[in-house]
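In what follows, a structure is listed as structure tokens, so that the remarks can point back to it.
Residue numbering restarts at 1 for every chain, and letters A, B, ... go by the order of the sequence lines. Please read all numbers here as calculations on a predicted model, not as lab measurements.
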Amino acid sequence: MKRIYIVAMLCLVVAVSVVSATGVNAPIGVDTAKGKAQDFLNAPDATVQYQKTERLNLGGYYVFSTGDGQVYVNARTGVIERATFDSARKDCRDVRLDRAAAEATARAYAEEKYSGFAKKSMQLTRSNLVSHGDAGSEYSYIWREEISGVLTPNTVVVNLNPSTGEIVSYIGIQREIECPLEPKLSRDEALKIAAGQFPGIRVTDATADPSVEYTRPDVQTLTWVITMKGEPEDHVLQGGLVVIDAQTGEVLMVSPYL
Amino acid sequence: MKPWIYMLAALLLLAALPAAVSAAPPAHNYDCSDTTPTAYDARVDQAAIYYSSSSSTNAHASTAYSQFRSDAVFFFNGHGLYYDDSHKGGGIKFSSESWILADTDGHYPGNYQYYISDYGTDIRDVLLAVYLACHSSHYNPYNGDLVQQTMNKGADICLGFDGEVEVENGKCWSGSFWDRLRNGETVASAASNAKDDCYLHWPFGYHGVDTYEISGSYTSCLTPARYGVY
């Protein structure tokens, strides 16, 4: 009798473990995601309509139409990782905000929407005023988390209207780091491999950043992301983008300039 | 009713069918530098919203220049112009060193050159021209501004890129841009959202697709299928 109890208890423990392990990776429901989207918009009554489910290397998303843009909800965590606001693009031809005011607005939005923004080592990797011709301009701010000199997938992008300061689009990715952050391949070795992808290139400029990328679905890889520019040939700019596995030296992507 | 009336009606319907099909506004799409299958994918999206679309790989500039005259939509994905002295923009490169250029001040890249400035009113029916190439919206003192020259000749909307774009991010942007247009987004919204789509593909970043510039009626959609206003 005692043995039966023990076996039963063991079965129960195994069953509970399996169920909870499955639950960790189970997607949330569309209705739950919809509620998260409404919370993000601070509008519980907002018309949020499910559009599609999208699968990227860095995860799956429920995509909702809001009538004024889209909201991307991480299908596992329920975190809003992307939002666009079409109406904020109106009247964006005049630049009324100076850079300091624009950056302060972008930073405040990042701190509000991205959990732990202030605690992470987020580096402002880009701050630009980008012109889109007749379609106006936008201030664009990009932060990437940096650990031991390596850029992680944790990133925040805030694009805003330079006239009104309204947020045009937001991206906020937050992931645990699951790969080693010490590259076996040095920067110089990576640059040499990259140059080899463009035979005969006469390099005029090159950058190499160690970066954790999702090169396959749900798989993080420590890479060197290299942009290499060379003198033109036959009136075409030479070089492009090269991504190299920083542990093995394998070339993962070669993307020449158009 | 007599059978001959049915037959007459059927014959009239059959006769009207080709006219209805050929009335669909044409769209031509060109892949010219390992950029396949963006032209084909654009073609599929355009066909879904009732453009009479076609795609080709490594076409000669003379073909594209000629077909442009009848186009409602024109899409090019390939190399832009870059001189040894760093002057850039004003042209797009087709096969056999053939180029479509905005204009010239006496500089002639490649073997064959065709100029937007030489069009009279030929491209005034164009609704949308998209030049997915490095510096395609950048003013070049030698060869002018491709986007502005296209607008000067009567296109409703023209989109180019001021900065450098590379093949993979160009493919990503193109796929998303045409898909979004197919789903009813405006040109401005599709271009902007497509750039954010690309940010999330590896490697992280915009890598030049955020440098798009649009001239003309950027709040227009491609639906319903139509020619540009002239």
Side-chain angles (χ1 to χ4, degrees), chain A residues 51 54 56-58 61 69-70 72 81-82 84 86 89-90 125-126 128 130-136 138 140 142 144 151 153 155 157 159 168-171 173 209 211-216 221 223 225 227 229 231-241 243 252-258, chain B residues 33-35 77-84 86 88 91 93 97 99 109-110 132-137 147 158-162 164-171 183 185-189 191-193 195-196 199-208 210-219:
Chain A
Q51 277 187 316
E54 198 167 297
L56 302 178
N57 280 1
L58 54 78
Y61 294 94
Q70 290 177 306
Y72 286 63
E81 296 196 335
R82 183 177 163 190
T84 56
D86 292 342
R89 286 199 198 92
K90 281 179 191 157
T125 56
R126 196 183 88 155
N128 269 358
V130 188
S131 169
H132 299 308
D134 288 348
E138 62 186 354
S140 183
I142 299 178
R144 290 280 300 270
L151 298 170
T155 180
V157 180
N159 295 315
V168 174
S169 66
Y170 161 82
I171 294 171
I173 307 298
D209 294 311
S211 176
V212 176
E213 300 286 343
Y214 281 89
T215 56
R216 285 179 288 144
T221 308
T223 66
V225 177
T227 56
K229 213 178 275 188
E231 291 175 15
E233 271 190 28
D234 297 329
H235 300 99
V236 168
L237 181 64
Q238 299 299 297
L241 181 68
V243 182
L252 303 172
M253 176 193 284
V254 180
S255 181
Y257 284 128
L258 288 173
Chain B
S33 174
D34 297 331
T35 53
N77 189 355
H79 288 304
L81 179 57
Y82 203 107
Y83 283 95
D84 289 341
S86 295
K88 57 201 175 191
K93 186 180 185 178
E97 297 291 325
W99 292 80
L132 177 44
C134 282
H135 310 299
S136 55
S137 68
V147 169
C158 189
L159 188 154
F161 290 81
D162 188 56
E164 284 114 22
V165 187
E166 28 74 25
V167 170
E168 292 303 324
N169 272 285
K171 284 182 184 177
N183 288 318
E185 292 190 23
T186 67
V187 173
S189 175
S192 177
N193 287 330
K195 88 172 191 309
D196 283 345
Y199 187 89
L200 297 176
H201 285 81
W202 70 281
F204 285 108
Y206 288 130
H207 302 289
D210 58 328
T211 67
Y212 70 86
E213 292 188 324
I214 310 173
S215 276
S217 45
Y218 56 89
T219 54

Quiz item: Which one of A/Arg89, A/Arg82, A/Glu233 has the most heavy-atom pairs closer than 4.5 Å to chain B?
Solution: A/Arg82
Self-check item: CG on A/Leu258 to SG on B/Cys134, rounded to 0.5 Å
Solution: 5.5 Å
Exercise. Check whether A/Asn57 gets within reach of chain B through its side chain, its backbone, both or neither, counting any heavy atom under 4.5 Å.
Key: side chain
Quiz prompt | Region of A/Thr125 that comes under 4.5 Å of a non-hydrogen atom in chain B | solution = neither
Quiz item: Under a 4.5 Å heavy-atom cutoff, which of A/Glu81, A/Glu231, A/Arg126 has the most pairs with chain B?
Solution: A/Arg126
Quiz item: What part of B/Thr219 gets closer than 4.5 Å to chain A, counting heavy atoms only: side chain, backbone, both or neither?
Solution: neither
Quiz prompt | Residue B/Phe161 versus chain A: region with a heavy atom under 4.5 Å | solution = neither
Practice problem: Kindly give the heavy-atom pair with the smallest separation between A/Ser169 and B/Asp196, and that separation in Å. | Solution: OG-OD2, 2.9 Å
Practice problem: For the residue pair B/Tyr199 and A/Thr155, confirm or rule out a side-chain donor-acceptor distance under 3.5 Å. | Solution: yes
Self-check item: Toward chain A, the part of B/Asn183 with a non-hydrogen atom under 4.5 Å
Solution: neither
Quiz item: Side chain, backbone, both or neither: which part of A/Val157 has a non-hydrogen atom closer than 4.5 Å to chain B?
Solution: side chain
Exercise. Of all the heavy-atom pairs spanning A/Asp134 and B/Ser215, show the shortest one and how long it is.
Key: OD2-CA, 3.3 Å
Self-check item: Aromatic centroids of A/His235 and B/Tyr82 separated by under 6.0 Å
Solution: no
Self-check item: Contact origin within B/Leu132 toward chain A - heavy atom pairs under 4.5 Å
Solution: both
Quiz item: Which of the residues A/Pro232, A/Gly240, A/Gly239, A/Gly69 is involved in the greatest number of heavy-atom pairs with chain B at under 4.5 angstrom?
Solution: A/Pro232
Self-check item: Pairs of heavy atoms under 4.5 Å with chain B: top-ranked of A/Asp209, A/Val212, A/Asn159, A/Thr223
Solution: A/Asn159
Self-check item: Contacting region of A/Ile171 [heavy-atom separation from chain B under 4.5 Å]
Solution: side chain
Self-check item: Per-residue contact mode, A/Val236 against chain B (heavy atom under 4.5 angstrom)
Solution: both
Quiz item: Which answer fits B/Tyr218, side chain, backbone, both or neither, if we ask what part of it has an atom under 4.5 Å from a heavy atom of chain A?
Solution: side chain
Quiz prompt | Part of A/Glu138 within contact of chain B (heavy atom distance under 4.5 Å) | solution = side chain
Quiz item: Quick one: are A/His132 and B/Ser192 in side-chain contact, heavy atoms under 4.5 Å?
Solution: no
Practice problem: Check each atom of A/Ile173 against the heavy atoms of chain B and say whether the ones under 4.5 Å are side chain, backbone, both or neither. | Solution: side chain
Quiz item: How far does CD1 of B/Ile214 sit from OG of A/Ser131, to the nearest 0.5 angstrom?
Solution: 10.0 Å
Quiz item: When heavy-atom pairs shorter than 4.5 Å are enumerated against chain A, which of B/Leu81, B/Asp210, B/Asp84 gives the highest number?
Solution: B/Asp210
Quiz item: If you count heavy-atom pairs under 4.5 Å with chain B, which of A/Tyr72, A/Tyr257, A/Tyr214 comes out on top?
Solution: A/Tyr257
Self-check item: Contact winner vs chain A - B/Glu168, B/His207, B/Glu166, heavy-atom pairs under 4.5 Å
Solution: B/Glu166
Self-check item: Steps toward side-chain contact (heavy atoms from CB on, under 4.5 Å) verdict (B/Lys195, A/Val130)
Solution: CA-CA 13 Å; B/Lys195 88 172 191 309; A/Val130 188; over 6 Å; no
Self-check item: Pick from A/Val225, A/Val243, A/Thr215 with the largest number of heavy-atom pairs that fall under 4.5 Å of chain B
Solution: A/Thr215
Quiz prompt | Distance, nearest 0.5 Å, that separates OG1 of A/Thr84 from CD of B/Glu185 | solution = 7.5 Å
Exercise. List the steps and the verdict of side-chain contact (heavy atoms from CB on, under 4.5 Å) for B/Asn169 and A/Leu241.
Key: CA-CA 10 Å; B/Asn169 272 285; A/Leu241 181 68; 4.0 Å; yes
Quiz item: Which region of A/Gln70, side chain (C-beta onward) or backbone (N, CA, C, O), has a non-hydrogen atom less than 4.5 Å from a non-hydrogen atom of chain B, or is it both or neither?
Solution: side chain
Quiz item: With chain A, which of B/Ser217, B/Gly216, B/Ala188 has the greatest number of heavy-atom pairs at distances under 4.5 Å?
Solution: B/Gly216
Self-check item: Evaluation steps, side-chain contact (heavy atoms from CB on, under 4.5 Å), between B/Phe204 and A/Ile142
Solution: CA-CA 11 Å; B/Phe204 285 108; A/Ile142 299 178; over 6 Å; no
Quiz item: Are the side chains of B/Lys88 and A/Leu237 in touch, meaning some heavy atoms are under 4.5 Å apart?
Solution: no
Exercise. With a 4.5 Å cut-off on heavy-atom pairs, point out which of B/Tyr206, B/Tyr83, B/Trp202, B/Trp99 contacts chain A the most.
Key: B/Trp202
Quiz item: Non-hydrogen atoms of chain B under 4.5 Å away: do they reach the side chain of A/Asn128, the backbone, both or neither?
Solution: neither
